[in-house]
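Read the structure below first, then the notes.
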Amino acid sequence: MTEHPLLKPSWRCRTCGIAWPCSTAKLRLLGAYRNRRDELIEHLTTLQAEATEHLTELHGGTPPDDLTERFTGWVQAR
């Protein structure tokens, strides 16, 4: 399976070009943090904070409004 790393500061998948975490990255994260969902959410929350900083700067001072769903909403829904 091809790696799907993130590209900073745009926070897009380096492989498929969509917003990171892409579907493949999400599957990899779920596998890496199997039975440790709290740790996964903590990790993604940290990344979300970093992404908010980067993307706010890139978008003229306005943070994107979908970052919670993008970073942690999908984990909590499972």
Neighbour count >12 (heavy atoms, 6.0 Å) for atom CD, Glu50: yes

side-chain hydrogen bond (donor to acceptor under 3.5 Å, both in side chains) partners for Glu53, two or more places apart: none

For Arg36, all residues meeting side-chain hydrogen bond (donor to acceptor under 3.5 Å, both in side chains), sequence neighbours excluded: Glu39

Short N-O contact, Glu3 and Arg14, less than 4.0 angstrom: no

Between CG on residue Asp66 and CG on residue Leu55, distance to nearest 0.5 Å: 9.0 Å

Pro9 to Leu58 - nearest heavy-atom pair and separation: O-CD1, 3.2 Å

Distance-minimising heavy-atom pair for Leu67 and Ala51: CD1-C, 4.4 Å

Spacing of CZ belonging to Phe71 relative to OG1 belonging to Thr52, to within rounding of 0.5 Å: 7.5 Å

Nearest atoms (heavy-atom pairs only) where Trp11 meets Leu6: CZ3-CD2, 3.8 Å

Partner set under side-chain contact (heavy atoms from CB on, under 4.5 Å) for Thr15, not counting sequence neighbours: Thr2, His4, Pro5, Cys13

CG on Leu30 to CG on Asn35, rounded to 0.5 Å: 11.0 Å

Could you list the donor-acceptor pairs under 3.5 angstrom formed by side chains in residues 41-49, with sequence neighbours left out?
unit_1 : atom_1 : unit_2 : atom_2 : d
Thr45  : OG1    : Ile41  : O      : 2.7
Thr46  : OG1    : Glu42  : O      : 3.1
Gln48  : NE2    : Thr68  : OG1    : 3.2

Which atom of Pro21 lies closest to which atom of Lys26, heavy atoms considered: O-CE, 3.2 Å

Nearest-0.5 Å distance, SG of residue Cys22 to CZ of residue Arg70: 10.5 Å

